[in-house]
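Dropping the structure in here first, questions after.
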Amino acid sequence: MNTVYIVTMALLGAAFLMTTARLVRGPSSFDRIMSLDVMAVLLVSGIAVHSAFWGEPAYAPLLLVVAMLGFVGSVSAARLAGARKGRI
């Protein structure tokens with residue numbers, strides 16, 4: 001089980017690094033918004049894997065808060081980008 005945990009966390013970390021590269025390099029604001037949304041999903045996934053491995057149900061409220069912040073942030077950024085695109 002330790003091997004599965006290590007491999008899963010390593011893959012999530014690699015995905016997080018690739019998403020960070022897209023955030024920095026993204027040619028459009030839509031790419032940056034989507035990369036922030038993917039980062040929130042990866043963070044929730046990492047916390048969920050950690051919680052399941054260690055058997056800690058106390059992380060459930062943290063998962064909910066991070067997921068809600070990621071959703072609200074993505075929707076807000078998309079609305080802002082849409083409003084800016086309409087003006088230009």
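Keep in mind the model is a prediction, meaning the values are calculated, not measured.
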Apart from Val41 itself, residues in the same hydrophobic cluster as defined by side-chain heavy atoms under 4.5 Å: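 Result for Val41 is none, singleton.
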
Could you give the side-chain donor-acceptor pairs of residues 17-24 under 3.5 Å, partners two or more places apart or in another chain?
| residue | atom | partner | partner atom | Å |
| --- | --- | --- | --- | --- |
| Thr19 | OG1 | Ala15 | O | 2.7 |
| Thr20 | OG1 | Phe16 | O | 2.8 |

Apply side-chain contact (heavy atoms from CB on, under 4.5 Å) to Val4 and list each qualifying residue two or more places apart in sequence or on a separate chain.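 Here the qualifying residues are Thr8.
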
same_hphob_cluster(Met1, Leu12) at 4.5 Å side-chain heavy-atom cutoff: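 Same cluster: Met1 reaches Leu12 through Ile, Leu, Val, Met, Phe, Trp or Tyr contacts under 4.5 Å.
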
Under a 4.5 Å side-chain heavy-atom rule over Ile, Leu, Val, Met, Phe, Trp and Tyr, are Leu42 and Val66 clustered together?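 No, Leu42 does not connect to Val66 through the hydrophobic network.
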
Got a list of side-chain donor-acceptor pairs under 3.5 Å for residues 67-75, not counting sequence neighbours?
| residue | atom | partner | partner atom | Å |
| --- | --- | --- | --- | --- |
| Ser74 | OG | Asp37 | OD1 | 3.1 |
| Ser74 | OG | Gly70 | O | 2.9 |

Can you give the donor-acceptor pairs under 3.5 Å from side chains of residues 49-63 to other protein atoms, not counting sequence neighbours?
| residue | atom | partner | partner atom | Å |
| --- | --- | --- | --- | --- |
| His50 | ND1 | Tyr5 | OH | 2.9 |
| His50 | ND1 | Trp54 | NE1 | 3.4 |
| Ser51 | OG | Glu56 | O | 2.5 |

State which residues pass side-chain contact (heavy atoms from CB on, under 4.5 Å) with Ser28; sequence neighbours excluded, sorted by chain then number.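 Expected list: Phe30, Asp31.
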
Gap separating the CE atom of Met9 from the OG atom of Ser45, nearest 0.5 angstrom: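 One finds 10.0 Å between CE of Met9 and OG of Ser45.
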
